[in-house]
Every structure is written in structure tokens, then in C-alpha cells.
There are 2 protein chains.
Amino acid sequence: MDLDESCIVRHFNFYSPLSEEDKALLATLEDSASRVRAGTVLWEERDEADEFCTLKAGWAFSYRELENGTRQILEIYLPGDIIGLREFAFTQRLAGVQMVEDGEVCFFPHCNLVNIFRQSFTLTSILFAVASRQQILITERLVNLARRNARQKLAHFLLEIYQRLKQTHAHGSDSIRLPMSQEILADLLGLSPVHISRTFTALSEDGLVIRNRHKVTLPDLEALTQEAGFDDRYLIENIRPVLGGQGA
Amino acid sequence: MDLDESCIVRHFNFYSPLSEEDKALLATLEDSASRVRAGTVLWEERDEADEFCTLKAGWAFSYRELENGTRQILEIYLPGDIIGLREFAFTQRLAGVQMVEDGEVCFFPHCNLVNIFRQSFTLTSILFAVASRQQILITERLVNLARRNARQKLAHFLLEIYQRLKQTHAHGSDSIRLPMSQEILADLLGLSPVHISRTFTALSEDGLVIRNRHKVTLPDLEALTQEAGFDDRYLIENIRPVLGGQGA
DNA sequence: CGTAGTATTGACACTAGTCAAGGCGGGTGG
DNA sequence: CCACCCGCCTTGACTAGTGTCAATACTACG
């Protein structure tokens with residue numbers, strides 16, 4: 001396997017340079033990829049939590065279902081992300097996970113990760129950073145949900161995805177592929193699908209986004225950033241160097 | 001120092017039984033307590049993040065300030081909580097922290113915690129659990145903010161605090177002391193102070209809460225839980241036994 | 001070419017926000 | 001002990017943003 005081709009290696013490498021051994025260790029997590037179709041539920045709330053999973057291709061999301069029949073989407077996972085860290089210390093799933101589109105995932109048992117982290121302090125500290133980052137993403141989403149109006153919420157989300165894609169999947173243009181339905185966006189942003197549609201239209205009319213099927217172009221990043229109150233500090237992280245000291 | 005008196009020991013003990021050495025190790029974190037007055041800012045966003053702090057007495061909260069002048073409160077900390085875990089892997093504060101009321105805090109440098117965790121696998125795994133739990137609390141708050149109306153938000157929050165206080169500060173009654181102003185509640189729940197007042201009044205009129213200054217009584221937990229869609233599973237955790245195996 | 005899912009648009013309702021005035025309570029100083 | 005003041009809370013009137021429902025249009029896929 002070409003180690004540099006592994007999504008998770010590329011992702012971890014973004015945090016801190018990896019030795020060849022670390023890369024090899026990490027890559028073992030992506031051994032047995034399996035294809036999954038759009039809409040597949042990887043697991044549901046309350047399932048036993050004894051595995052993690054890396055996302056090799058396709059987008060996914062975690063969600064909570066409420067008594068009142070609504071659904072709140074918590075996180076969007078992009079290729080290279082580790083799914084299931086939320087329950088690192090728990091025995092039960094606290095949220096379900098579903099595929100947005102067709103993709104590829106690699107399941108591996110909880111103990112694999114623990115073993116890897118026993119062998120490499122570098123990887124351990126990166127895991128901490130990755131888990132922290134997920135918490136930061138959630139926090140920012142919370143602020144977004146609580147304090148911004150529909151227009152800002154949508155703009156903010158588009159910028160977040162744009163930035164995240166740029167970091168790990170180098171793309172030069174100002175366009176992104178956005179494979180999610182407006183219903184998913186609504187469940188993510190705490191709005192109704194109808195209002196997502198209206199808001200998208202409004203942003204288009206103001207020349208802030210151009211939509212073409214699942215391709216979205218952001219022709220004026222500056223203005224959109226301004227409008228959304230978007231500050232990418234929470235994505236461009238300031239990672240503390242390896243926790244204690246020595247490497248593997 | 002009587003180890004069982006330490007807030008943080010009591011708190012950690014809730015997760016998993018601690019050996020005397022572990023207790024002694026932990027208690028060193030609460031060495032140098034200092035008194036702080038209501039409203040004191042422990043740190044602000046963007047400050048350097050090289051310390052943690054345990055809350056020995058009094059309530060505190062973390063917050064983000066937005067460009068539009070509003071403030072979103074992220075978490076409420078109760079005595080025994082560790083503050084600053086959010087930035088475990090970062091060098092910069094991502095949220096400010098302020099005291100709700102007079103209290104006592106113990107600062108200790110980042111490296112202290114790392115040293116402790118080098119010495120005890122048990123404590124390490126509990127730290128993971130504590131950090132996970134904070135993420136779970138945030139997640140539940142996100143759902144609360146995004147998907148519930150004012151009445152449910154307030155009811156849900158009251159039940160959360162009631163449950164958290166019960167777990168670590170054994171109290172039998174159905175009353176809690178709620179030292180926060182309605183303005184703080186508003187910033188936490190994403191509502192205006194005016195609407196908090198109205199909602200409180202409505203809940204009172206329906207016999208679901210009884211207010212008396214800063215004392216709040218929940219006379220019908222059953223009905224309130226129902227109304228709020230509150231499910232305490234996220235607080236009553238299912239902690240995975242020590243991560244890898246051996247103790248210290 | 002038909003069908004099912006997805007997106008758009010309009011009319012209307014409702015929750016929560018804003019602004020502004022008034023009340024209550026606790027602390028301070030006389 | 002009383003008077004005053006300052007925060008904080010309450011209440012009312014009005015407004016704005018978003019939800020809901022329903023009808024219609026579009027797109028992809030078989």
C-alpha cells in the first residue's frame with residue numbers, strides 16, 4: 001500500500017510530521033475497506049460501541065433523534081476522518097451515523113487503536129488533537145445554531161466545509177461539491193428544509209453563492225466571511241507539540 | 001489534607017474507584033486554592049493556554065463572544081469540575097471562563113496533569129472519560145438549542161443541573177440552588193432575558209417549578225422530564241473500564 | 001416516459017425578540 | 001430605622017424571523 005495514499009495518514013500528517021513506522025501503523029487501520037451505499041446506517045444510538053471506523057471515501061454524518069420526531073445532525077465527516085471517537089470512553093453509542101452518499105469505510109476494533117497508541121506517543125498526542133478538534137467543531141456549531149440567523153448559519157457552514165476540504169483535499173478553486181440534500185442541511189442547521197431553500201435563493205440573488213446541482217461556488221469569499229461572522233481560527237489549529245516528549 | 005474531602009477526588013471517584021496513591025496524586029492538583037469573586041474572568045479567549053484549573057467552590061461558565069455583541073455560554077462548571085480541558089491539545093484559549101459567584105479555584109500547569117497521567121493509567125482513562133463527558137454535555141446542549149422551544153430548553157437545563165448536582169453533591173430534596181441571573185441563563189439557552197422571565201413564569205403557573213430567589217424547587221420531576229424530553233442517559237454514563245489494562 | 005424524491009414558491013401562523021415602562025428587593029448611608 | 005438607589009426581574013405592545021402546509025416544478029433514474 002502506498003502509505004501517502006491513505007486518507008487517515010494524510011489527515012494525521014496534517015497535524016504533525018509522521019515517521020515511516022507511524023505511517024505504517026496508522027495505515028493498518030485502513031486495511032479492510034468496505035463499500036457502503038448512500039443512506040447506509042453505520043450504527044444507531046444505543047448500539048454497542050466497540051469499534052471505530054475511518055471514512056475512506058464519501059461523506060457521512062452523526063445524528064441524534066428526538067422524542068418529537070425531529071433529527072439533529074451533529075457532525076459532518078469527510079474522507080480521512082475517524083468516526084466514533086465520541087464514544088472513546090463509553091460502551092454505548094450516543095449518536096447514530098449515516099452515509100450521505102456512496103463511500104468506503106474501514107471498521108476496526110477499539111483495541112486496535114489502543115494498541116497503536118501504546119506504541120507511539122506521537123500518534124497518541126495527535127489523537128488527542130483530533131478529538132479536541134471534533135469538540136471544537138461541535139462548539140462552533142453550537143454557537144452557530146444558537147446565535148446566528150438562517151443566512152449566517154448557511155453561509156458559515158459553507159465556509160467551514162470549504163475550509164476543511166481545502167486543508168485535507170487540496171483544491172484550488174472556489175467551488176466545492178456539496179453532496180447533501182437540503183433536508184440534511186436543515187437537520188444540521190436547525191432550520192426547516194423550506195427555509196434552507198429560501199435562504200439559498202437569497203444568497204444566490206445577492207451574488208454570494210452560485211449553485212449548480214451539487215456544485216456550489218463561493219465567488220466572493222470575503223463578503224461571505226463577513227456576512228457569516230466566520231473566523232477560521234477554530235479550524236486552523238494551534239496544536240501543542242507532542243504531549244510529554246519522546247516518540248515511539 | 002483529608003483526601004476524601006477533595007472535590008476532584010470525589011469527582012474522579014465517581015467514575016472509578018481510586019487507590020490511595022491515585023487519590024494522593026490527584027489531590028496535589030488542589031494544592032494552592034485561591035479565592036475569586038463573582039464575575040472574575042479566569043481567562044479570555046486567545047489567552048495563552050498553559051494551565052488547567054479545578055473548581056473547588058462556586059459555579060463558573062465558559063463562553064464565546066461574537067462579532068455581533070452577543071455572548072454564548074458553552075458550559076456550566078460545578079465544584080469538582082476541571083476547567084480548561086477543551087484546550088488540552090491547543091496552545092491558545094478558545095473560550096473565556098468567568099465565575100458565576102464567589103468561589104475557590106486551583107490553577108496548575110499543563111505539565112502537572114501530564115505527569116500525573118504518566119504515573120497512572122487509571123487516572124488517564126478517567127481523564128478521557130471526563131473529557132468525553134464534557135463533549136457529551138456540549139452535544140446535548142447543542143440539541144437542546146437547535147431543536148427545542150424556550151419552555152423545553154429551560155426545563156431541560158434545570159433537570160440537567162438537578163441531576164449533576166445530585167451525582168456529585170448528594171442532596172436528597174427536589175430543590176436546587178441556582179445562583180445564576182436570568183441574563184446568564186439567556187446567554188446559555190440562546191434566548192433573550194425577557195423571554196427567560198416569561199418562560200419561568202409560565203412554568204411556575206403550570207406548577208412545574210417553584211421559585212424563591214435563587215432556590216428552585218421541581219415539585220413534579222416526572223412531568224417536567226416529560227415536557228423537556230429529558231433523558232438522563234447522557235449523564236449517567238457507561239464508562240468503559242480502564243482503557244488498556246494495568247494500573248499505575 | 002413515468003415515477004419518486006427533491007426543490008421552489010406562496011399564504012399564513014406562531015414563537016421569540018425588541019423596546020420601554022414599572023416593580024421589587026437588598027444594600028448603603030444617613 | 002428609614003430612605004434611597006441600583007440591579008434585576010416582570011409585563012405589555014409591537015415586530016421580525018422562521019415554521020407549517022400545500023401546490024407546483026424540477027431532476028434523476030429506471
Side-chain angles (χ1 to χ4, degrees), chain A residues 37-40 59 66 68-73 98-102 144-158 177-206 209-216 227-229, chain B residues 37-39 66 68-72 100-102 144-157 177-206 209-216 227-229:
Chain A
R37 316 235 22 133
T40 305
W59 292 24
L66 300 216
N68 58 25
T70 62
R71 171 179 77 165
Q72 177 61 37
I73 292 180
Q98 190 176 347
M99 295 298 296
V100 171
E101 53 179 346
D102 293 354
N144 203 26
L145 279 162
R147 293 287 158 193
R148 300 200 234 258
N149 62 26
R151 216 176 141 87
Q152 294 178 304
K153 284 180 185 177
L154 184 52
H156 193 279
F157 172 70
L158 292 174
R177 192 180 60 90
L178 192 74
M180 23 182 10
S181 68
Q182 294 190 359
E183 190 187 350
I184 290 180
L185 272 172
D187 286 349
L188 176 72
L189 299 178
L191 299 165
S192 63
V194 173
H195 206 62
I196 293 283
S197 171
R198 281 195 247 267
T199 307
F200 244 135
T201 304
L203 288 176
S204 300
E205 282 170 358
D206 295 349
V209 311
I210 300 165
R211 287 177 296 164
N212 189 336
R213 312 235 7 78
H214 279 165
K215 192 177 127 219
V216 175
E227 169 100 34
Chain B
R37 313 230 33 126
L66 300 217
N68 59 27
T70 62
R71 171 178 77 167
Q72 178 60 39
V100 171
E101 52 178 347
D102 292 354
N144 203 25
L145 279 162
R147 293 287 158 194
R148 298 200 236 261
N149 62 27
R151 217 178 139 88
Q152 294 179 305
K153 285 180 184 176
L154 184 53
H156 193 278
F157 172 70
R177 191 180 62 91
L178 193 73
M180 23 182 11
S181 68
Q182 294 191 357
E183 189 187 352
I184 290 181
L185 272 173
D187 287 348
L188 177 71
L189 299 178
L191 298 166
S192 63
V194 174
H195 206 61
I196 292 283
S197 171
R198 281 195 246 268
T199 307
F200 244 134
T201 305
L203 287 176
S204 299
E205 281 170 357
D206 295 349
V209 311
I210 300 166
R211 288 176 296 164
N212 190 334
R213 312 236 4 81
H214 280 166
K215 193 177 125 215
V216 175
E227 170 100 34

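A quick note: this is a predicted structure, and the numbers were derived from the prediction, not measured. By convention in this document, chain letters (A, B, ...) are assigned in the order of the sequence lines, proteins followed by strands, and residues within each chain are numbered from 1.
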Quick one: label [X] by what it contacts on the DNA or RNA (base, sugar-phosphate, nothing), any heavy atom closer than 4.0 Å.
{"X": "A:S181", "answer": "sugar-phosphate"}
{"X": "A:I196", "answer": "nothing"}
{"X": "A:G39", "answer": "nothing"}
{"X": "A:R211", "answer": "sugar-phosphate"}

Figure out the [atom1]/[atom2] separation between [X] and [N], and round it to whole Å.
{"X": "B:L178", "N": "D:dC8", "atom1": "CG", "atom2": "P", "value": "15 Å"}
{"X": "B:R198", "N": "D:dT10", "atom1": "CZ", "atom2": "P", "value": "11 Å"}
{"X": "A:Q182", "N": "D:dG19", "atom1": "CD", "atom2": "C1'", "value": "16 Å"}
{"X": "A:K153", "N": "D:dT18", "atom1": "NZ", "atom2": "P", "value": "7 Å"}
{"X": "A:R151", "N": "D:dG17", "atom1": "CZ", "atom2": "P", "value": "11 Å"}
{"X": "A:N68", "N": "D:dG19", "atom1": "CG", "atom2": "P", "value": "13 Å"}
{"X": "B:F200", "N": "D:dT11", "atom1": "CZ", "atom2": "C1'", "value": "17 Å"}
{"X": "A:R148", "N": "D:dA16", "atom1": "CZ", "atom2": "P", "value": "23 Å"}

A:L203 and A:R211: CA distance, side-chain angles, deciding distance, side-chain contact (heavy atoms from CB on, under 4.5 Å) verdict: CA-CA 10 Å; A:L203 288 176; A:R211 287 177 296 164; over 6 Å; no

5' priority, DNA chain D, between A:P193 and A:R213 [closest heavy atom]: A:P193

Side-chain ([X]) to main-chain ([Y]) donor-acceptor, under 3.5 angstrom:
{"X": "A:Q152", "Y": "A:N149", "result": "yes"}
{"X": "A:E101", "Y": "A:W59", "result": "yes"}
{"X": "B:T70", "Y": "B:L66", "result": "no"}

Which heavy atom of [X] sits nearest a heavy atom of [Y], and at what distance?
{"X": "A:Q98", "Y": "A:G39", "value": "NE2-O, 3.2 Å"}
{"X": "A:A228", "Y": "A:H156", "value": "CB-N, 3.6 Å"}
{"X": "B:L189", "Y": "B:L154", "value": "CD1-CA, 3.8 Å"}
{"X": "A:K153", "Y": "A:L191", "value": "NZ-CD2, 4.1 Å"}

First and last nucleotide of DNA chain C, 5' to 3', lying under 4.0 Å from heavy atoms of chain B: C:dA16 to C:dG26

Spacing of A:S192 atom OG and A:D187 atom CG [to the nearest 0.5 Å]: 10.5 Å

Angle by which the axis turns from one end of the helix from C:dC1-D:dG30 to C:dG30-D:dC1 to the other, five pairs per end, to 10 degrees: 40°

